[in-house]
Protein chains: 2
Amino acid sequence: MLRLSTKGQYGVRAMFEIARSISRGPTTIKEISERQDVSVAYLEQILNTLRKAGLISSVRGPGGGYVLSGTPDKISIGAILRELEGPVAITSCLDPREGCLRVDGCVTHLLWKALGENIESFLDDMTLKDLLEGNELMATRRRGRRQPEKIRMLHK
Amino acid sequence: MLRLSTKGQYGVRAMFEIARSISRGPTTIKEISERQDVSVAYLEQILNTLRKAGLISSVRGPGGGYVLSGTPDKISIGAILRELEGPVAITSCLDPREGCLRVDGCVTHLLWKALGENIESFLDDMTLKDLLEGNELMATRRRGRRQPEKIRMLHK
DNA sequence: TAATACTTGACAGAATTACTCAGCTATTAT
DNA sequence: ATAATAGCTGAGTAATTCTGTCAAGTATTA
Ligand code: FES
Ligand code: FES
C-alpha cells in the first residue's frame, strides 16, 4: 500500500546523481542513465518536468547537462516528489484538485489528513544534502567517522 | 502522490461503522452500505477479506451481520489496511514479496525505508477506538467536553 | 557545419483499480 | 418443511493510471 510511482523514485535518484557530481559541472542525461539504470527517454521526461519547476536548470550543447538550481540543503525530497507526482493526497478527498462533499462529519477525513501532514513534513524536512551525507556515511562507515545527526535514523 | 485505494478507505469506514453499532449487535452489509455510500457488492468483497483475516466475524441468517473480533482499541487502522492493500511498501524494493538487487549502496532505499516505518507506526498506533472518540468529539464539540489525548491531533 | 545535448508532444502496451454479477450456503421464523 | 434473510465466492470487465517509447525538433559549441 501507498506506493510511490517509479517516476518519483527515478526523479529523486536523478537529482541525487546531479547533486553528487556537483563539483564536476553539468551532469548529462546519459551519465544519469548509466549510473542509475533508467532509460534516457524516460529521464528526458522526468528532468524536463523538474526543470520547468525550477529545481534544476539545463545547459545545452556539448559539455552541457543539468545543474541544481540551489544548494543541496535547500532542495527537499518533498519538493521533487510534488512536481513529479502531485501533492501528497492519501485520498481524493484531500487532493486540492478534487475535494469531497461529505467532509463535515467524516472521521476518517481527519485521520488521512493527519497522516498526510505527517508524511509531508518528513519529506519536506529531508533534503538532497541528507542523501549525500547518508551516501558518504555508507562509503566510509567502517572507519568510524562521526555521524551527522539527521542521517543517523537512516542507518538504525 | 501516495494514494490509498478506495478498497482500503472503504474498509476502514466499514470497520468504523461496525464498531459504532457495537451495542446494537451485528451490523448488516446493507446498513453499512447506506450509511457509508458504498455498494453492497463491493462491501461483500471487502468484508470477506477482513473476515478471513480474523478482524471481524460474521453471523449468518436473519438478524445476522458482522461483529468485531476484538475490542475497538485492539484493532488498528494499520491492521485493516494491511489486509486490504498489502504491506506498507513505498517502493517495490521494500515489498517483502518482491525485493531488489541493488539494495547495497542505495541511499534512497534507506530513505524510503525510514518513511515507510514512520507511516506504519502512525497507522499501527491509531485504532478504531481513536476514530470512535474522534467522532464523539466531533458531535459534542460545542459543549466543551474534555478531549481524549491522541485524538486532539485530529482536530488541530 | 557537424556533433553534442537538451526539448517537446504524442502515443501505446501493461498493470492496477474499482467495481458488478450470478449463483451459492447457512440460519432462523413460521 | 419452507420461505425469507443474510452472508459467501469466484469470475469477469470497464476505466484509469502507470511506465515507458518514439520521432522530430532547437540550442550551443568546437
Ligand atoms: S468521504 Fe470525503 S472526507 Fe470522508
Ligand atoms: S533501487 Fe532497490 S533499493 Fe534502491
Side-chain angles (χ1 to χ4, degrees), chain A residues 1-11 13-14 18 21 24-34 36-67 69 81 84-86 89-92 95 97-98, chain B residues 1-11 13-14 18 21 24-34 36-67 69 81 84-86 89-92 95 97-98:
Chain A
M1 74 172 113
L2 292 172
R3 279 265 168 100
L4 217 52
S5 76
T6 58
K7 215 164 180 171
Q9 295 175 50
Y10 295 167
R13 279 159 60 185
I18 297 171
S21 312
R24 275 169 286 168
T27 310
T28 66
I29 287 184
K30 201 176 164 222
E31 287 168 333
I32 299 173
S33 168
E34 285 163 358
Q36 292 289 336
D37 269 325
V38 180
S39 83
V40 168
Y42 203 13
L43 281 171
E44 280 171 344
Q45 200 186 113
I46 293 168
L47 293 178
N48 215 260
T49 303
L50 295 175
R51 180 185 56 83
K52 282 176 183 161
L55 294 175
I56 48 180
S57 52
S58 61
V59 181
R60 291 168 89 143
Y66 289 94
V67 290
S69 290
L81 293 178
L84 294 169
E85 306 201 20
I90 307 299
T91 67
S92 63
D95 194 320
R97 298 164 302 187
E98 305 188 45
Chain B
M1 72 171 114
L2 293 172
R3 279 264 169 99
L4 217 53
S5 76
T6 58
K7 215 163 180 171
Q9 295 174 51
Y10 295 166
R13 279 159 59 186
I18 297 170
S21 312
R24 273 168 288 166
T27 311
T28 66
I29 287 184
K30 199 173 166 227
E31 287 167 334
I32 299 173
S33 168
E34 285 164 358
Q36 292 291 336
D37 270 324
V38 180
S39 82
V40 167
Y42 202 12
L43 281 172
E44 280 173 343
Q45 199 186 114
I46 292 168
L47 293 178
N48 218 264
T49 303
L50 295 175
R51 180 184 55 83
K52 282 176 184 162
L55 294 175
I56 48 179
S57 52
S58 59
V59 181
R60 290 168 93 143
Y66 290 93
V67 290
S69 291
L81 293 179
L84 294 169
E85 304 202 20
I90 308 300
T91 67
S92 63
D95 195 319
R97 299 163 302 186
E98 305 188 46

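Lettering follows sequence order; numbering is per chain, from 1. Keep in mind that what you see is a predicted model, and the values were worked out from it rather than measured. Heavy atoms only: backbone and side chains are in, while hydrogens, waters and symmetry mates are out.
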Separation of A:K7 NZ from A:T49 OG1 (nearest 0.5 Å): 6.0 Å
When rounded to the nearest 0.5 angstrom, what distance separates CG in B:D37 from CD1 in B:I32? 13.0 Å
Toward the 5' end of DNA chain D, which comes first, A:Y10 or A:E44, by nearest nucleotide? A:Y10
Look at the side chain of B:E85 and the backbone N and O of B:L4, then say whether any donor-acceptor pair between them is shorter than 3.5 Å. no
Say you draw a straight line from CG of B:L50 to CD of B:Q45; how long is it, rounded to the nearest 0.5 Å? 11.0 Å
For C:dT7, does OP1 or OP2 lie under 4.0 Å from any side-chain N or O of A:S58? yes
For the residue pair A:G63 and A:P26, what are the closest heavy atoms and their distance? O-CG, 3.9 Å
Nearest 0.5 Å please: distance from the CD1 atom of A:I18 over to the CD atom of A:E31. 10.0 Å
Determine whether a donor-acceptor pair (N or O, by modelled atom type, separation under 3.5 Å) exists between the side chain of A:S33 and the backbone of A:V38. yes
When A:L84, A:L2, A:L81 are each screened for side-chain contact (heavy atoms from CB on, under 4.5 Å) with B:M1, the one that passes is A:L81
At less than 4.0 Å, is any side-chain N or O atom of A:R51 found next to OP1 or OP2 of C:dT8? Yes or no. yes
Could you tell me how far apart A:L47 (CG) and C:dT7 (P) are, to the nearest whole angstrom? 9 Å
Please identify the 5'-most and 3'-most nucleotides of DNA chain D with any atom under 4.0 angstrom from a heavy atom of chain B. D:dT5 to D:dT9
Interatomic distance where CG belongs to B:D37 and P belongs to C:dA18 [whole Å]: 17 Å
Among the nucleotides C:dA5, C:dT20, C:dT8, whichever has the atom closest to the side chain of A:N48 is C:dT8
Any N/O pairs under 3.5 Å between the protein and nucleotides 11-16 of chain C? List them or say none.
none

In this structure, OG1 of B:T91 is separated from CZ of A:R3 (nearest 0.5 Å) by 7.0 Å
Between CG of B:L43 and P of C:dA18 the distance, given in whole Å, is 14 Å
Distance, rounded to the nearest Å, where B:Q36 contributes CD and C:dA18 contributes C1': 18 Å
Rounded to the nearest 0.5 Å, how far apart are CG of B:N48 and NZ of B:K52? 4.5 Å
Within the distance-only criterion (no hydrogens, no angle test), does the side chain of A:S39 pair as donor or acceptor with the backbone N or O of A:Y42 below 3.5 angstrom? yes
Both B:Y42 and A:T28 contact DNA chain C. Which one's nearest nucleotide lies toward the 5' end? A:T28
Could you pull out the protein-nucleic contacts involving nucleotides 24-26 of chain C (nitrogen or oxygen on both sides, under 3.5 Å)?
from	atom 1	to	atom 2	distance (Å)
C:dT25	O2	B:R60	NH2	2.6
C:dA26	O4'	B:R60	NE	3.2
C:dA26	O4'	B:R60	NH2	3.3

With a 4.0 Å cut-off on heavy atoms, is A:I29 in touch with a base, just the backbone sugar-phosphate, or nothing at all? sugar-phosphate
What integer distance in Å separates A:K30:NZ from C:dA3:P? 15 Å
